[in-house]
Amino acid sequence: MVKSEIKKSLFKAIQSKKEWEEVNLASLRVEIKDNKEKNFGDFSTNIALILAQKLKESPKKIADKLIKKFPPHPSIKKIEFSKPGFINFYLIDSHYSEILKIIKKEKEKFGLNKTKDENKKILIEYVSSNPTGPLHVGHGRGAAFGSVLSNILRASGHKVDEEYYVNDQGRQIDILTLSVFLRCEQLLNNDFPYPKFCYQGEYINSYAEQIIESSKEKGSKGEVFFIPVDKRKRLIEELKKIKKEEDLDVLISFARRNLENKFIKVKEFVLEQIVHSIKLDLSKMGVNQNLWFTETKLYKSQNKKPSLIDEVKDILERAKLTYEEGGALWFKSSQFKDDKDRVIEKENGQTTYFASDIAYHAHKYGRGYDKIINVWGSDHHGYLPRVKSAMSALGLDPDKLEVIFIQFATLIKENKKISMSTRGGQFITLDELMKEVSPEATRFFFINRKAEQHLSFDLDLAKKQSKDNPLYYIQYAHARICSILKNLELTKRKVNSGLGEKNLNLLNGEKEEELLKILSKFPEVVLKSSDNYEPHLICYYLKDLSSSFHGYYNEEKILVDKEEELQAKILLLQGVKQVIFNGLTLLGVSSPSSM
RNA sequence: GCCCCGUUAGCUCAGUCGGAUAGAGCGCUGGAUUCCUAAUCCAGAGGCCUCAGGUUCAAAUCCUGAACGGGGCACCA
């Protein structure tokens, strides 16, 4: 926070010089940086170097003038010029220890941004996996990312809604329903063929069994036929003819015709089951979206008004941004920023997934958010230009929509990659992963890498209970502090914060200063990770803090006899404990008091 | 062919809107426990920041090109 004050003061200093009137402050890319090297003070700025170019004056001269004009600041001890043109700021010794009073006061709110002028209303949509099967490892990364980012954005003062978009419409769901039907038939007649293009997962069988069970209960005596007996032969013949994926469409319409409302009922049943299990998996991981938006909603017309999908179609048509070709309806997305035009209504009259997405995103815009964030798998990156094109076409600001692409995750076990093909049901589900390691570790390890990086999730490491495992390392630091505080109680000594606050100057060891410095950086780290959508920064920060604490712990005895020193140290430990807690809470991970 | 992401120590990865001597963990070598949790700590070795140009007072960082790896280019979702 001192940094922003330094920047302001520097600008004031510039303005106070007549010969520098022309300088455009807004265009200056001034930075105030933390110094790694102690000899250069606490902060440094490059302002003199930047101005040197514009003013055609030496950095030294500029720096000298700036230093002279720099208004006094209670936390700044001295300001110095240093080659080749930096200005270094040295803070007074007590500056960093003051942070302990602030932490003490703000407690779990420390690190949260309180500036209200930049608060935004944000919608963040993530996971949104098709409800055609359980979540797998790839979805887990998106889930952890979206959830933690939401926490962080909230911590920075924004109002955040978390949403899951359920694709409960369209062909994939029909294939899913068909798959369940065919499994039912197969369970009742072993010789019934099952196409390889249908869903293969074990969960399909389980749904089929449930359906058969419930049909039995309803009175039909044991033997249940879903397809009318006279049609079964025909169906088996059709099944034998299936050569490619598209051939399934024949079966779907066959099933729809002959099963009538049973098809819809089974579809609804299966969807409900799958969505339920998705919600369950997510909540196990601590992911709880507060909004669930179904694609079906886009197709329903209400109060005699056209459906959302018809509405956007209509707008595009009236704007003459569509045309017919080959029996399909195309949107002229290439007029905006897309490589080619895209189909919104297929030859068979069905609208495409893209059409749904236009309507869906238009609806998001209509809900009054300042920022709309989507978390997508990196394999969808080519999809973004067409969605943005559509938003532009509808007269909406495409920049309001921001998409974060998450790279793929691979699992490592015993130093070997585990292959994860979704085909053939040979994939590892998120639930299995959480059973193998813990839900907490799952969350942490997914966040512990920036989104653009491919992630190797090392199962053995995530289970390890040693410093190799960064999560345990951090949690252990927290537990250690709790243990010390407990020991203090056992010796019948009491915490006296007032005395501690008066003796903060005793925290002058090298390790203590380092800890104080790290603690005071926490608010910046939260802000930065929020501004740049980089939750991983919190993980790295907490590792740093924990490492510094463990070093301190090994070097110095905390529970010393001298009361003043003891109380100051306790205050420091409480600060570290609080910040670890606040950080882990942002990550959605617990802070155990004993391990 | 076009587009997105990556490439930093033996391995896994950080690296501030370009800034002063490039960082951590693992692994390796050597050490630390009569004492608050050794589930820990300390020290050492280990670098052409993939390559080649360019911009700049200053490049791991920005621009151009190349190589390698992952992903994407549907009337699928």
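Side-chain atoms are counted along with the backbone in the values below, which use heavy atoms only and exclude waters and symmetry mates. Since we're looking at a predicted model, the values are computed, not measured.
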- Among A39(B), C75(B), G70(B), find the nucleotide with the atom closest to the side chain of Gln407(A). G70(B)

- Task: Fit a plane to each ring of His361(A) and Trp376(A), take the angle between them on a 0 to 90° scale, and name the class: parallel (under 30°), tilted (30 to 60°) or perpendicular (over 60°).
- Result: perpendicular

- Query: Is the distance between the ring centroids of Phe446(A) and Phe457(A) less than 6.0 Å?
  - Reply: yes

- Note on the structure: Reading nucleotides 30-38 of chain B from 5' to 3' and marking B where a protein heavy atom lies under 4.0 Å of the base, S where only the sugar-phosphate is that close, and - otherwise, the string is -----SBBS

Using the 3.5 Å cut-off, write out each protein N or O paired with an N or O of nucleotides 10-14 of chain B and the distance between them.
residue: U12(B); atom: O2'; partner: Arg449(A); partner atom: NH1; Å: 3.1
residue: C13(B); atom: O5'; partner: Arg449(A); partner atom: NH1; Å: 2.9
residue: C13(B); atom: O3'; partner: Arg449(A); partner atom: NE; Å: 3.4
residue: C13(B); atom: O2'; partner: Arg449(A); partner atom: NH2; Å: 3.4
residue: C13(B); atom: O2'; partner: Tyr540(A); partner atom: OH; Å: 2.5
residue: A14(B); atom: OP1; partner: Lys450(A); partner atom: N; Å: 3.3
residue: A14(B); atom: OP2; partner: Gln453(A); partner atom: NE2; Å: 3.3

- Query: Side-chain donor or acceptor of Thr352(A) under 3.5 Å from a matching atom on the base of A74(B)?
  - Reply: no

- Item | Whole-Å C1' distance, G10(B) and G70(B) | 23 Å

- Can you give the dot-bracket line for RNA chain B, using ( ) for pairs inside the strand, [ ] for pairs that cross earlier ones, | for pairs with another strand and . for unpaired bases, where Watson-Crick and G-U count if both distances are under 3.5 Å? (((((((..((((.....[...)))).(((((.......))))).....(((((..]....))))))))))))....

Between N or O atoms, less than 3.5 Å apart, protein on one side and nucleotides 56-64 of chain B on the other: list the pairs.
none

- Message: Looking only at the side chain of Lys467(A) (C-beta and beyond, no hydrogens), which of the listed nucleotides A39(B), G72(B), U40(B) gets closest?
- Response: U40(B)

Show me, pair by pair, the donor-acceptor contacts under 3.5 angstrom made by side chains of residues 570-578 of chain A, not counting sequence neighbours?
residue: Gln578(A); atom: NE2; partner: Asn582(A); partner atom: OD1; Å: 3.0

- Item | Pairing residues for Arg493(A) by the salt bridge (Lys or Arg N to Asp or Glu O under 4.0 Å) criterion, not counting sequence neighbours | Glu563(A)

- Rounded distance in Å - NZ (Lys543(A)) to P (C26(B)): 11 Å

- Item | Among C75(B), G71(B), A20(B), the nucleotide that comes nearest once only the side chain of Ser82(A) is considered | A20(B)

